[in-house]
Structures are given as structure tokens and as C-alpha cells.
Amino acid sequence: MSIPLKNDRLLRALRREPVDCTPVWLMRQAGRYLPEYRATRARAGSFLAMAKTPELACEVTLQPLARFPLDAAILFSDILTIPDAMGLGLYFVDGEGPKFERPVRSAADVDRLGVPDMETGLRYVMDAVRLIRRELADTVPLIGFSGSPWTLACYMVEGGGSDNFARIKALLLDDPATLHRLLSVNTDAVIAYLSAQRAAGAQVLQVFDTWGGVLSPAMYREFSLRYLTRIARELERGDGASRTPLILFGKGNAPYLEELAASGCEGLGVDWTVTLEEAARRTHGAVALQGNLDPATLYATPDAIGRQVRIALDSFAAGNGGSRDGHVFNLGHGLSPDMNPDHVAVLVEAVHSHSTR
């Protein structure tokens with residue numbers, strides 16, 4: 001029997017149970033906006049060295065919790081660990097982001113891919129999860145995560161980031177069967193990866209569909225939603241109060257909220273292009289909702305941040321029959337390196353104080 005968490009607000013909110021106040025965590029809460037993170041990265045020598053060294057990954061995972069009364073820790077890692085373990089050769093270029101030495105450009109390239117072994121090629125991730133759980137000492141839950149099959153495919157085919165997604169959209173149109181084979185192996189890998197993180201100690205799981213919003217509606221349903229639904233339905237998560245919740249997050253997913261809510265996930269992360277009132281009304285309490293403050297709000301004054309936090313919290317309640325239960329506060333995307341940590345403190349305090357039951 002597992003030891004109860006000292007702070008289980010996040011788990012209770014994802015089960016849509018009553019909590020004393022709305023839980024809050026922030027995408028990229030461990031990151032370059034923190035001076036202590038920058039110091040650790042300088043010591044490590046590179047982002048990848050930090051991510052692939054469990055002790056350093058643990059250190060930066062815990063840094064924001066030492067500063068702010070956040071309601072969860074999220075594993076410090078990268079969504080591109082899976083394709084790296086598939087042999088594509090992940091590296092980072094300053095100012096340009098992630099790149100792959102061997103991008104996927106043909107049916108033959110897809111045929112060479114397979115699900116990596118989680119305790120060899122991705123052992124460093126599982127070791128980090130185990131270490132973080134031990135260091136957290138059951139204070140708050142640990143979130144594990146993966147990129148979505150479509151988002152991983154975007155990086156794998158483009159060879160890195162992209163402004164127009166020309167290569168993968170050309171593949172989608174010219175050879176959809178090959179793209180479906182790539183998405184299928186990515187889905188198998190994501191399910192195995194999240195299962196391994198859960199076995200290592202992750203108590204919540206999130207899938208980041210960062211680039212789902214670049215697709216037309218028909219293409220989104222065929223090449224992203226289809227595989228997100230497979231993950232939600234096939235990923236073993238347990239039952240009852242011990243079930244490990246799965247959150248599906250996607251930029252630009254507002255047109256598909258009803259379909260995502262029917263996927264089998266426990267939580268649905270939304271960005272700031274839809275109000276929480278609308279999202280709650282459209283999903284009818286089928287899932288918990290996570291979000292959805294525009295990250296740019298953090299550049300404003302503390303008073304403005306507090307006002308926008310209250311607007312988001314009240315918007316959810318307005319769409320949820322006046323109840324605040326079933327809401328996890330977050331940004332609609334991640335924190336940026338030039339954001340002021342003091343403004344993050346204002347946000348967290350405003351969430352807890354305004355939502356106190």
C-alpha cells in the first residue's frame with residue numbers, strides 16, 4: 001500500500017474530487033528563468049548532459065519547489081528522448097533548439113525504427129524518476145511525460161523545429177501510409193515509455209501534443225487525435241483511487257475538446273485561445289481541465305497577473321456549475337527564459353488565495 005502524499009491536491013483535482021484550493025503547477029517550471037537552473041546547466045556543460053544525468057535532472061526538478069509552494073513536480077527531461085533512443089542522434093544548437101543527425105525521410109527510414117528498450121536506452125529517465133520520487137519524500141506528486149506521436153513525428157521528419165512543417169505535411173499528403181506507420185511505432189513507444197515512468201514512480205502522466213494545432217481538422221483527427229486516443233485507451237493506469245491520471249495537452253486543441261474528453265484521459269490541458277468556462281461547458285465534467293493562463297501574462301505587473309489569475313479561476317467555476325473542483329491551474333504553454341521568478345511567485349500565491357474553499 002502506497003504512503004499517502006502530504007499534498008494530494010493535484011491527484012484529487014484530476015479525479016474531480018473536492019480540494020481545499022485549486023492546485024497549480026507550471027509547464028517548464030524547472031527552466032532557464034531560474035538562476036539556480038542556469039548555474040546547474042553551466043556546471044553540467046549542456047542541456048543534454050543535464051537531462052541524461054539523473055542526479056542533475058533531480059536537482060533541477062526540485063529547484064522550483066524550493067522557491068514556490070507548487071502542488072506538483074514534473075520530471076526534468078525532453079520530449080525528444082524517444083526518437084533519440086531510436087537512434088536518430090539528438091543534439092542541440094544554441095539559438096536553434098533540437099536537431100537530429102539522422103532524420104526520418106523515407107519509408108525505409110521508418111522501417112528501421114523500433115520501440116527502444118526502456119531500461120537500457122532510456123534508463124537515465126527511469127533512474128531520474130526513481131531518484132526524484134525518493135527525494136520528494138511523498139510531499140507532492142511527480143508528473144512524468146512524453147511528446148505525442150504526431151509532435152514527435154514532426155521533429156523526426158523535419159530534423160528539428162520548423163516554421164511551416166513542409167516535410168511532414170508533404171509526407172502526410174504524398175504517402176499517408178508511411179506516416180501512419182511512423183505514428184504507430186511512435187504510439188507504441190509512447191505507451192511503453194509512460195508505462196515505464198509509471199513503474200518507476202511517476203504518479204501523473206502528461207502527453208504534450210505541441211504541434212497538433214498546425215493540422216487542419218480532418219488531418220488532426222486522422223494523424224493526431226487517433227493516436228492520442230490509442231494512448232488513453234491502451235496505457236495501463238490502474239483502477240479507482242490508485243489510478244494514475246493521464247493528461248492530454250495540446251496547443252490549439254480548442255476545436256476538439258469534446259473528442260479529446262471522450263478519449264479516455266482523466267485530464268485535458270487547454271491553451272488560452274478558449275475560455276475555461278467554454279471548455280468546462282463543452283466537456284460536461286467528463287474530465288478535469290488544466291490551464292489556461294496566457295504565459296505572456298507573466299510579463300505584466302503583479303496586480304495584472306493577480307487579476308488574470310482570478311479571471312481564469314472564475315471562468316472555470318462559471319462553466320462548472322459554480323464549483324472549482326476538477327480544475328488544475330496552469331499556463332496555456334510553458335514559462336519563457338526571460339520571465340521574472342518573482343512574478344511566478346505572485347501567480348502561485350494568487351491561485352491558492354483566490355481559490356481557497
* Checking Asp109 side chain against Ser106 main chain: does a donor-acceptor pair fall under 3.5 Å? -> yes
* Yes or no on side-chain contact (heavy atoms from CB on, under 4.5 Å) for Val214 and Tyr220, after CA distance, side-chain angles and deciding distance? -> CA-CA 8 Å; Val214 306; Tyr220 175 83; over 6 Å; no
* Roughly how far, to the nearest 0.5 Å, is CD1 of Ile132 from CD1 of Ile74? -> 10.0 Å
* Asked: Backbone N or O of Gly250 within a donor-acceptor pair of the Asn253 side chain at under 3.5 Å?
  -> yes
* To do: Could you tell me whether the side chains of Tyr124 and Ser77 share a donor-acceptor contact shorter than 3.5 Å?
  => no
* Close aromatic pair by centroid cut-off 6.0 Å: Phe76 and Tyr37 -> yes
* Asked: Quick one: which of Glu258, Glu277, Glu259 gives a salt bridge (charged side-chain N to carboxylate O under 4.0 Å, His left out) with Arg282?
  -> Glu258
* Structure fact -> Heavy atoms of Ala49 and Ala44 approach each other most closely as CB-O, 3.7 Å
* So which of Arg15, Arg12, Arg237 actually passes salt bridge (charged side-chain N to carboxylate O under 4.0 Å, His left out) with Glu266? -> Arg237
* Establish, yes or no, whether a centroid distance under 6.0 Å links the rings of Tyr155 and Phe100. => no
* Asked: Between the side chains of Thr244 and Arg198, does any donor sit under 3.5 Å from an acceptor?
  -> yes
* To do: Would you check if Leu331 and Arg28 make a side-chain contact, meaning some heavy-atom pair closer than 4.5 Å?
  => no
* Return yes if a side-chain donor-acceptor contact under 3.5 Å exists between Gln29 and Gln63, otherwise no. => no
* Check Ile305 against Ala300 and note the closest heavy-atom contact, atom names and distance. => CD1-O, 3.7 Å
* Within-4.5 Å side-chain heavy-atom neighbours: Val270 and Gln290 -> no
* **Expected output: side-chain Thr356 to main-chain His352 donor-acceptor under 3.5 Å** => yes
* To do: Start with the C-alpha gap between Tyr193 and Val125, add the side-chain angles, then the distance that decides, and say whether side-chain contact (heavy atoms from CB on, under 4.5 Å) holds.
  => CA-CA 9 Å; Tyr193 187 52; Val125 177; 3.5 Å; yes
* To do: Look up atom OG1 in Thr61 and atom CG in Leu136, then write down how far apart they are to the nearest 0.5 Å.
  => 8.5 Å
* Determine whether the side chains of His180 and Glu222 contain a donor N or O and an acceptor N or O closer than 3.5 Å. => yes
* Taking the side chain from Thr297 and the backbone from Asp294, do they hold a donor-acceptor pair closer than 3.5 Å? -> yes
* Asked: Between Thr273 and Asp271, does any side-chain donor sit less than 3.5 Å from a side-chain acceptor?
  -> yes
* Asked: Closest approach of Thr229 and Ser263, non-hydrogen atoms and distance?
  -> OG1-CB, 3.8 Å
* Evaluate salt bridge (Lys or Arg N to Asp or Glu O under 4.0 Å) for Asp325 paired with Arg357, printing each intermediate quantity in order. => CA-CA 10 Å; Asp325 297 333; Arg357 316 292 198 254; 3.2 Å; yes
* Asked: Do Asp71 and Asn7 have side-chain atoms, one donor and one acceptor, less than 3.5 Å apart?
  -> yes
* To do: Could you tell me whether the side chain of Gln197 and the main chain of Phe145 form a donor-acceptor pair under 3.5 Å?
  => yes
* Do Pro245 and Leu205 have side chains that get closer than 4.5 Å, going by heavy atoms? -> no
* side-chain contact (heavy atoms from CB on, under 4.5 Å) between His327 and Leu276, intermediate numbers included -> CA-CA 9 Å; His327 181 208; Leu276 287 169; 3.6 Å; yes
* Side chains of Lys251 and Asp209: does their closest heavy-atom pair fall under 4.5 Å? -> no
* Asked: Hey, are the side chains of Leu48 and Leu90 touching, using non-hydrogen atoms and a 4.5 Å cut-off?
  -> yes
* Asked: Does the His333 side chain pair with the main chain of Asn292, one donor and one acceptor, at a distance under 3.5 Å?
  -> no
* Non-hydrogen side-chain atoms of Val140 and Leu70 separated by less than 4.5 Å -> no
* Out of curiosity, does Phe47 fall in the hydrophobic cluster containing Leu88 (side-chain heavy atoms, cut-off under 4.5 Å, transitive links)? -> yes
* Grab the two heavy atoms, one from Leu11 and one from Gln203, that are nearest each other, plus how far apart they are. => CD2-O, 3.7 Å
* Asked: Does a salt bridge link Asp117 with Arg123, judged by any charged N lying under 4.0 Å from a carboxylate O?
  -> no
* Lys169 (side chain) donor-acceptor with Leu215 (main chain) under 3.5 angstrom -> no
* salt_bridge(Glu59, Arg43) N-O dist < 4.0 Å -> yes
* **Arg133/Asp138 under side-chain contact (heavy atoms from CB on, under 4.5 Å): CA gap, chis, key distance, verdict** => CA-CA 7 Å; Arg133 269 298 304 275; Asp138 297 307; 3.5 Å; yes
* **salt_bridge(Glu55, Arg130) N-O dist < 4.0 Å** => no
* **From Met126 atom CE to Leu131 atom CG, the distance as rounded to the nearest 0.5 Å** => 14.0 Å
* To do: For residues Ala13 and Ala288, report the shortest heavy-atom separation together with the two atoms involved.
  => O-CB, 3.5 Å
* Asked: When the ring planes of Phe249 and Phe208 are compared, do they come out parallel, tilted or perpendicular, using 30° and 60° as the limits?
  -> perpendicular
* **Gap separating the CD atom of Glu135 from the CG atom of Leu142, nearest 0.5 angstrom** => 12.0 Å
* Structure fact -> Shortest non-hydrogen pair, Pro54 vs Asp127, comes out as CG-CB, 3.7 Å
* To do: Decide whether Tyr256 and Met219 are clustered together by the hydrophobic rule: side chain heavy atoms of Ile, Leu, Val, Met, Phe, Trp, Tyr closer than 4.5 Å, transitively.
  => yes
* To do: For residues Leu289 and Leu257, determine if any side-chain heavy atom of one lies less than 4.5 Å from a side-chain heavy atom of the other.
  => no
* Cationic N near anionic O, under 4.0 Å, Lys52 to Asp84 -> yes
* To do: Group every Ile, Leu, Val, Met, Phe, Trp and Tyr by side-chain heavy-atom contacts under 4.5 Å, then state whether Trp272 and Met339 land in the same group.
  => no
* Phe329 side chain near Val309 side chain, heavy-atom distance below 4.5 Å -> yes
* Asked: Cluster question for you: counting only ILVMFWY and a side-chain heavy-atom cut-off of under 4.5 Å, with indirect links fine, are Val104 and Leu173 together?
  -> yes
* Asked: Quick one: do Val129 and Leu62 end up in the same hydrophobic cluster if we chain Ile, Leu, Val, Met, Phe, Trp and Tyr together by side-chain heavy atoms under 4.5 Å apart?
  -> yes
* Check for a donor-acceptor pair, side chain of Ser355 on one end and backbone N or O of Val351 on the other, with a separation under 3.5 Å. => yes
* Asked: Would you say the side-chain atoms of Arg9 pair up with the backbone N or O of Val19, donor to acceptor, closer than 3.5 Å?
  -> no
* State yes or no: are the ring centers of Trp211 and Phe165 separated by less than 6.0 Å? => yes
* Decide, yes or no, whether a salt bridge links Arg230 with Asp188 under the criterion of side-chain N to carboxylate O below 4.0 Å. => yes
* For Asp338, does the CG atom sit with more than 12 other heavy atoms under 6.0 Å from it, leaving out its own atoms? -> yes
* Asked: Any donor-acceptor pair under 3.5 Å linking the side chain of Thr151 with the backbone of Ser148?
  -> no
* Kindly say whether the aromatic ring centers of Tyr299 and His343 come within a distance under 6.0 Å. => no
* Might you confirm whether atom CG of Asp239 has over 12 heavy atoms from other residues, nucleotides or ligands at distances under 6.0 Å? => no
